[in-house]
Every structure is written in structure tokens, then in C-alpha cells.
Undergrad: 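What follows is a single structure, and I will ask about it in a moment.
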Amino acid sequence: MIDTKAILFDIQRNSYVDGPGIRTTVFFKGCNLRCAWCHNPESQSALPQMMFYQRKCTGCGKCKEKCPHHLERCDFCGRCTLYCPQEAREICGKEYTVREVLYEILKDQSFYNSSGGGVTFSGGECMLQMDFLTEMLKRCKENGIHTAVDTAGHVPYEHFEKIFPYTDLFLYDVKCFDSGKHKQYTGVGNKLILANLKRLLATDKAIWVRIPIIPSVNDSEEEIRRIKCFLDSCKPPDKVELLPYHAMGEHKYAVIGKKVQTFSVPSEEKMKQLKNILS
Ligand code: SF4
Ligand code: SF4
């Protein structure tokens, strides 16, 4: 249905990192993992959130004055964001219909065609809002647009089967091989994730496996060897990417009132060494 709704937190045009060519990436709100290194912590809660940039605030009090609840509670009416002279308040997460998102996506169709790009559905975990995702994918395919689904894979396998006919590419995260460690750093074990990946790789779908490299979590040679060993036991993915941790999302934790866990950035030499193991 064209009026099916989902809560999204961003629609980013001109993306080059979420699949081939020039893409529009649609970010769904809500995730069933809690990765300690997440660079989009505002994606984790499925509900809208107030983002407050303390360093911009001058304490003028306009937000409290205009808020119907004097900031004692929030129903995301948006008044405080409109009246704040410093743009120190922002609501993250908004309900969109399929029609609205399709309208945004179609604006860049000529760029997708000329670059071999398309649309990527990401998050958060886009496979937690399946009705909307399925409808979006269908509509994109009806319009001849390449589709990619970026997932952490912690969902029933039937979800993948439901969207097979309309998905050209899966971007599939493998965060670490040891299930205990996986649970420690993401909140869930990895049995379902790896089992889904194995089944997915046995199909004829295009799959890029993406491994974020997080120092002190999964940057050891042994860890990458174990992932390689697992992948070698499956039908090979079309691509395996190692993505170095970056600290660009760290400031967002304070903005949504969460504690941040910091990690170091892996060196170029380390990334090269780990890439060599996989190749
Ligand atoms: S969004 Fe509305 S309800 Fe929420 S704090 Fe701002 S003014 Fe108050
Ligand atoms: S209106 Fe903006 S600058 Fe003024 S107190 Fe509220 S958040 Fe701070």
C-alpha cells in the first residue's frame, strides 16, 4: 500500500558508500542490536527522540516557555525546535508514507541510471518494519531502480524470503565471530545472524559482507581468520569489505542523553594486515 508508514530518521541523497554507484540511503529508526561502537545511536530507539545540543544552548528559556508541557514531558509537537534561536533542539525520527519516500527517491533517478546506483534501505534495522520495507522495494522495482538492503541479519529468515523478489543486493554485517563477545558488545549472540547469512549465501542473491573493524573487539588476526573460515565454508559472497571504526558519531551520544563508549581508530597498517588475511 502506498500509504503504509514507517518511522525514519534520515533520507540521504548522493551517497557513495552503501552499494554501487550514486545512491539514496533511507535510514529506518529502530534496531534490535545495541553495538557499543554504533555511529548512529539515534537510530537505535524505534521512537522519535529529542536531540539537544548543549553547547549551542544559551539558556534563554524560550523552549520551556513555548512547550505546552514546560519541558516536563514531550509529545514531539516540535514547538521548541521552531522557537529555539540557537537551533539547539531537534527531533530525530518522523513518520513517512511510502508515497513520500518514493517521491524523494525518484528525484535522483537520472543519477542512478548514469552511475549504476539506486536506493539502499538502512538503519537502524530496516528489516524490523517489514510492511513498509516490502512496499518500498516493490515500488522501486516497478520504477526500474536498483535496490539494496543493509542489515545486521538478526531477524527471522522468512523476512529475507519475503523481500527476495524485489531486492538486488544485500549488505550484510558480520561484527564478530565469537557469540559471547558478540553478545557483550551488541546485546545479542550471533547464531541467528550467521545461520541466516549461510542460507542467504546459498541463494543466487548478490551479497556484500561488511565487517566493521573495532580495535580491542574484533581486530585480531584470529578473529578475522575465524570469519574467513566461516565464509570459506559458504558459497562466496560477491564482496567482503572491512570498514575501519571512526569516531564521527561519538558526539551524538551526549545529544540524546546516552553514555558513550570510546574506541581507538585502527591504523592503515592494521587494516592492510587484516585485508591480507581475507584475500
Ligand atoms: S517537542 Fe513539543 S512537547 Fe516536546 S519538548 Fe518540544 S515543545 Fe515540548
Ligand atoms: S530555546 Fe534553545 S537556546 Fe534557548 S534555552 Fe531552549 S534550547 Fe537553549
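We count ligands from 1, going down the list as the structure has it; atoms in each ligand are counted the same way.
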Undergrad: Report the part of K64 (side chain from C-beta onward, or backbone N, CA, C, O) that has a heavy atom under 4.0 Å from ligand 2; answer both or neither where that applies.
TA: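 For K64, no heavy atom sits under 4.0 Å from ligand 2.
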Undergrad: Short list, please: which atoms of ligand 1 are under 4.0 Å from a heavy atom of D75?
TA: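 Under 4.0 Å from D75, ligand 1 has these atoms: 3 (S), 4 (Fe).
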Undergrad: Please verify the inter-ring angle class for F121 with F28; under 30° counts as parallel, over 60° as perpendicular, anything in between as tilted.
TA: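 Ring orientation, 0 to 90° scale: perpendicular.
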Undergrad: Under 2.8 Å from atom 4 (Fe) of ligand 1 - does any N, O or S atom of C74 fall there?
TA: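 So C74 counts as coordinating atom 4 (Fe) of ligand 1, yes.
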Undergrad: Does even one non-hydrogen atom of R89 get within less than 4.0 Å of ligand 1?
TA: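 Under 4.0 Å: yes for R89.
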Undergrad: Using a strict 4.0 Å cut-off to heavy atoms of H69, name the atoms of ligand 1 that fall inside it.
TA: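 Every atom of ligand 1 under 4.0 Å from some heavy atom of H69: 3 (S).
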Undergrad: Is ligand 1 less than 4.0 angstrom away from at least one heavy atom of M50?
TA: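 M50 counts as a contact of ligand 1 under the 4.0 Å cut-off.
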Undergrad: Students should be able to answer this: which protein heavy-atom is nearest to atom 8 (Fe) of ligand 1, and at what distance?
TA: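 Nearest protein contact, heavy atoms only, for atom 8 (Fe) of ligand 1 is C67 SG, 2.3 Å.
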Undergrad: Which atoms of ligand 2 have any heavy atom of G59 under 4.0 Å away?
TA: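 So the atoms of ligand 2 that pass are 5 (S), 8 (Fe).
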Undergrad: Any chance NZ of K235 has more than 12 other-residue heavy atoms, nucleotides or ligands included, within less than 6.0 Å?
TA: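 Yes, NZ of K235 has more than 12 neighbouring heavy atoms, counting only those of other groups under 6.0 Å.
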Undergrad: Are the charged groups of K272 and E268 less than 4.0 angstrom apart, N to O?
TA: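 No, K272 and E268 are not salt-bridged.
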Undergrad: Can R226 be said to sit on top of F177's aromatic six-ring, NZ or CZ under 6.0 Å from centre and within 45° of the ring axis?
TA: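 No.
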Undergrad: Give the residue and atom name of whichever protein heavy atom lies nearest to atom 5 (S) of ligand 2, and the separation in Å to one decimal.
TA: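 Nearest neighbour among protein heavy atoms for atom 5 (S) of ligand 2, to 0.1 Å: G61 N, 3.2 Å.
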Undergrad: Does the pair L33 and K175 meet the rule for a side-chain contact (heavy atoms from CB on, under 4.5 Å), with working shown?
TA: CA-CA 11 Å; L33 268 63; K175 298 170 197 292; 3.6 Å; yes
Undergrad: Starting from atom 7 (S) of ligand 1, find the nearest protein heavy-atom neighbour and note its residue, name and distance.
TA: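 Checked against all protein heavy atoms, atom 7 (S) of ligand 1 sits closest to C80 N, 3.3 Å.
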Undergrad: So, Q273 versus E221: side-chain donor-acceptor pair below 3.5 Å or not?
TA: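 Q273 vs E221: donor-acceptor pair found between side chains.
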Undergrad: To check your reading of the model: name the closest protein heavy atom to atom 2 (Fe) of ligand 1, its residue, and the distance in Å.
TA: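 For atom 2 (Fe) of ligand 1, the nearest protein heavy atom comes out as C77 SG, 2.3 Å.
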Undergrad: What's the shortest distance from atom 4 (Fe) of ligand 2 to any protein heavy atom, and which residue and atom give it?
TA: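 Answer for atom 4 (Fe) of ligand 2: C60 SG, 2.3 Å.
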Undergrad: Return the closest protein heavy atom for atom 1 (S) of ligand 1 as residue, atom name and distance.
TA: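 Minimum-distance protein heavy atom for atom 1 (S) of ligand 1 reads G78 N, 3.2 Å.
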Undergrad: Does the side chain of Y185 come under 3.5 Å of the side chain of Q261 through a donor N or O and an acceptor N or O?
TA: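 There is no such pair (donor and acceptor under 3.5 Å, judged by atom type) between the side chains of Y185 and Q261.
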Undergrad: Could you give me the CA-CA distance, side-chain angles and deciding distance for T24 and K107, then say whether side-chain hydrogen bond (donor to acceptor under 3.5 Å, both in side chains) is met?
TA: CA-CA 10 Å; T24 293; K107 286 179 186 170; over 6 Å; no
Undergrad: Are D108 and R13 within salt-bridge range, i.e. N to O under 4.0 Å?
TA: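 Judged by the 4.0 Å cut-off on N to carboxylate O distance, D108 and R13 do form a salt bridge.
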Undergrad: Please verify whether a non-hydrogen atom of F52 lies at under 4.0 Å from ligand 2.
TA: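 Right, F52 reaches ligand 2.
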Undergrad: Is there an N/O/S atom in C57 that lies less than 2.8 Å from atom 8 (Fe) of ligand 2?
TA: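 An N, O or S atom of C57 is closer than 2.8 Å to atom 8 (Fe) of ligand 2, so yes.
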Undergrad: In a check of side-chain hydrogen bond (donor to acceptor under 3.5 Å, both in side chains) between T25 and each of D150, D10, D18, T120, which one passes?
TA: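 Filter result, single survivor: D18.
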Undergrad: Tell me whether the rings of F170 and F164 are parallel (<30°), tilted (30 to 60°) or perpendicular (>60°).
TA: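 F170 and F164: perpendicular rings.
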Undergrad: Looking only at protein heavy atoms, identify the closest one to atom 6 (Fe) of ligand 2 and say how far it is in Å.
TA: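 It is C63 SG, 2.3 Å.
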Undergrad: Taking only heavy atoms of L71, which atoms of ligand 1 are found under 4.0 Å from at least one of them?
TA: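 Near L71, meaning under 4.0 Å from one of its heavy atoms, ligand 1 has 5 (S).
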